[in-house]
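First comes the structure, then the notes that go with it.
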Amino acid sequence: IATGAYGLSFGAIAGASGLDVWQTQALSLGMFTGASQFALVGVLGAGGGALAAVLTALLLGARNSLYALSLRPFLTSNAPAPWWQLLVRAQLTIDESTAMAIRYPAGSRRARHAFWSTGVAIFVLWNLGTLIGALGAAALDDPRTLGLDAAVPAGFIALLWPRLRDRSTIALALVSAAVATALVPFLQPGLPVLSAALVALVAERVLARRAA
């Protein structure tokens, strides 16, 4: 519900950036990744070109590819999935659906149920929120007046918190956050997030070698 509510502010911001209702709704239906959508309309709203806006959105959306790789063992069942189901699964691979699925044993029915129920619910509510926000863009020109700008970071913390189970994980999260924050003034939007992900990948390799 919180994520869907944040779609209100996206619809309003997209309208303020010059997109009409149909263009705004097409972004939520087709792109369906909040950070990339906000980045795209933010660049357009600031006067940037379409190419710069698309590249920024792609950089921020690159993390979903990593999610898809990690999710495969959790969503695999005895029967092979049809091609259309794989396409829908790819569309629903976002932060929240990934976080819910990996809470359960790989390949379990609960993991698949968590992924699908979370992904479908957010897809419906996000697009509904986008439509309402786009239609009422004049009233919601500044989403901070309703506090909706706090929904995404609050949701991210709620997803991250259960994963912080030991000192090494907490240390890795803090270092990754510090690296991303330090690089924000120097790199293009999207690159600090990818840099933090690189820190996590390197740390995972180092820890794996020590364990071996």
Side-chain angles (χ1 to χ4, degrees), residues 1-46 48 53-54 56-68 71 88 90-103 114-163 173 177 180-181 184 189-190 192-194 196-197:
I1 293 175
T3 304
Y6 199 59
L8 291 168
S9 61
F10 170 72
I13 291 173
S17 299
L19 275 66
D20 60 30
V21 174
W22 295 107
Q23 291 171 327
T24 301
Q25 198 64 45
L27 279 177
S28 283
L29 288 168
M31 186 179 290
F32 186 52
T33 173
S36 295
Q37 292 179 225
F38 275 105
L40 188 143
V41 299
V43 173
L44 293 177
V54 170
T56 300
L58 284 174
L59 284 173
L60 283 173
R63 71 189 189 283
N64 289 357
S65 300
L66 300 177
Y67 292 163
L71 274 174
V88 177
Q91 180 70 353
L92 298 181
T93 299
I94 55 176
D95 299 321
E96 293 85 356
S97 60
T98 301
M100 293 298 292
I102 63 177
R103 294 180 64 244
F115 173 84
W116 286 107
S117 59
T118 303
V120 170
I122 291 180
F123 184 83
V124 171
L125 293 175
W126 175 262
N127 278 279
L128 180 60
T130 296
L131 179 60
I132 295 173
L135 292 174
L140 292 173
D141 188 54
D142 184 1
R144 291 174 296 182
T145 59
L146 295 181
L148 295 176
D149 53 323
V152 166
F156 179 77
I157 292 174
L159 293 171
L160 178 63
W161 191 261
R163 311 298 300 175
T181 303
V184 166
V193 176
L194 295 179

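Annotation: the span from Ile122 atom CD1 to Ile94 atom CD1 amounts to 4.0 Å, rounded to 0.5 Å. Going from atom OG1 of Thr33 over to atom CG of Asp95 covers 6.5 Å, rounded to the nearest 0.5 Å. Here Leu27 contributes atom CG and Phe32 contributes atom CZ; the two are 13.0 Å apart, rounded to the nearest 0.5 Å. To the nearest 0.5 Å, atom CG of residue Leu66 and atom OG1 of residue Thr93 are 11.5 Å apart.
Residues satisfying the side-chain hydrogen bond (donor to acceptor under 3.5 Å, both in side chains) criterion with Ser28, sequence neighbours excluded, are Gln37, Trp126, Thr130. Residues satisfying the side-chain contact (heavy atoms from CB on, under 4.5 Å) test with Leu29, not counting sequence neighbours, are Gln25, Phe123, Asn127. Every residue two or more places apart in sequence or in another chain was checked for a side-chain hydrogen bond (donor to acceptor under 3.5 Å, both in side chains) with Asn64, and none qualifies.
Taking each heavy atom of Thr24 and Ala14 in turn, the nearest pair found is OG1-CB, 3.4 Å. In plain terms, the two heavy atoms of Ser36 and Ala57 that are nearest each other are OG-O, 2.8 Å.
Residues Ser9 and Phe38 meet the side-chain proximity criterion, which asks for heavy atoms closer than 4.5 Å.
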